[in-house]
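To find a chain, count down the sequence lines: A is the first, B the second, and so on, and within it residues start at 1.
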Amino acid sequence: MGRGTMKKILFFDIVLLAGLLLSVGRVNAAPAVPESGTDQACLRCHAQTTTWKQWTHSAHYKAGLTCTMCHKGADKPDHKAADVSKPACTDCHYYWKDKAAEFKDSIHAKKGLNCTSCHNPHADTAMAPANPRQFAKRCTRCHKGNVLKLHAFMPHADMHLSQQSCFVCHSDVHTVLSKKDNTVTCSSCHPGKTLVKKVLPRHKAFFPRIALHMRKLNCEDCHRPKGPIKTCSSCHSEKSILARAQQNKNGWITDEPVLQKYGYMVGTNHVKWLDIIGILMFAGALAVWVFHGGLRILAAMMRKGGKR
Amino acid sequence: MSHKRVYLHPLTERIWHWIHALAVVMLAITGVQLHWPGSIHWFGSLKTAMSIHEFFGATLVLDFLLWLFYNLFSGRIKHYIPTMFDLTKGAVIQAKFYGLGIFQGKPHPFAPTEDNKFNPLQKTSYFGLMAFLVPLLLASGILYMFPVRFAGIIKAIGGMTVLGLAHTAIAFIVVAFVTVHLYLTTTGHTLFEEIMTMITGWKETEED
């Protein structure tokens, strides 16, 4: 290889490297500038802001909105912050114009929240993000706690949390009136026998009278959001309301499986005089051992003595 | 005086007897815990005692049926049927023996034979036990185990309280019977002769 050839290769390498560096620089520099005259003008000052960087991924940007469509007064080159208007979301989102009263009554509105407390008009890629868990982060800004841990009571907690938004189960955040107005059951989404069929094999293993329980109970009756899963004795015990109700209705005859299986009711079989008679009978039987046996031994000893 | 061996208890009867014995003892011990669950915890929880009690209860039901059908079809039930003599004169003779003769070293008044293996008091008590007490005890136990299925019957006889009291009362009698029964096994020539007979089936008898 000659000296000239080496120089040529080296020169080529430098050009290539410089090209690469330049192209990387271009990627890092700024998002592609939109073909909008107005926004081109905004970029002169606002290009380095986080808002601008997120903006080009947003649903609003993709829908064709430009800065000045919402921010009136921003088209003046030397505007001050005060000159620029902040639009009302309901100018375009008419639905919430109609529902404004409902939102105002909601606990969230009363706590001082508005649209932009949760929705970022410059960044959101959709009204509700594709990834519900991402969305849940907005709730947990205020509702502190480990979401997964809080939902540990739920079967397939991870699946539910990654596939569903919070308000699929917890009432609509826009209209929820209070903490109490916040109930949902498994059967709201899994009605009737669809869920039962799936959970049946697992429950069958330990549940007596499975069909009856599945018909009468909701999942939440045992799988509680707070605290451990209820056990049989939470409902069925000597002192339970159920047991007492059955007792009053039928005497001691009950169709409750646990009571049926463990039907020996302490106290029903206790009649003091019967216990005394029983104990006396057993004592009498033991007395046969002691006295009759003792006499036999004594008599045998006397007989032996007599023979001698 | 010569010795004669008689075969009193065929294998089926011996197997029946010892299963019966084990089941009755287990039922009695677990029954004590079930009756006084507040102060007696021999088998841990009430549930455990209940499960053991139910298991041996079912065992006893099957064992009772084995006894019943075996004795009915083989004709050996005749051993258990007391005659008028057994119920009157024979019982008195046997009772006199236990009350007096046994202390004087007199021989048993009724030597067992292959055709007649029980003395009059045995016949009477075993008959009463196997024809009345054990069936009643088992029946009340079965009703107790399935109070819903047999709700009608239980109501008819006066409810769970009557059922429970009947079961308990009969159980007390059976426990007392077993205790005396065990004592009477010691009245052979030696202390363990009768028990050995129940194990081997053979008994040595004296012939004058």
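- Of the residues considered (V288(A), I277(A), I297(A), I279(A)), V288(A) shows the highest number of contacts with chain B, using heavy-atom pairs under 4.5 Å.
- Around the CZ atom of F85(B), the shell of radius 6.0 Å holds more than 12 heavy atoms that belong to other residues, nucleotides or ligands.
- When each of L182(B), L184(B), V175(B) is checked for heavy-atom pairs under 4.5 Å with chain A, L182(B) comes out on top.
- At distances below 3.5 Å, at least one donor-acceptor pair connects side-chain atoms of W289(A) with backbone N or O atoms of T179(B).
- Taking each heavy atom of F103(B) and L295(A) in turn, the nearest pair found is CE2-CB, 3.3 Å.
- Heavy atoms of L298(A) lying under 4.5 Å from chain B are absent altogether.
- Put simply, the side chain of Y183(B) never gets that close to the backbone of A285(A): no donor and acceptor are under 3.5 Å apart.
- Although no hydrogens or angles enter the test, the distance criterion places no donor-acceptor pair under 3.5 Å between the side chain of H292(A) and the main chain of G99(B).
- Atom NZ of K106(B) is surrounded by 12 or fewer heavy atoms from other residues, nucleotides or ligands within 6.0 Å.
- Under 3.5 Å, the side chains of R296(A) and T187(B) contain no donor-acceptor pair of N or O atoms.
- Nearest heavy atom pair, residue G105(B) against residue R303(A), reads N-NH1, 3.1 Å.
- Enclosure of atom CZ in F192(B) is not indicated, since only 12 or fewer non-hydrogen atoms of other residues, nucleotides or ligands lie within 6.0 angstrom.
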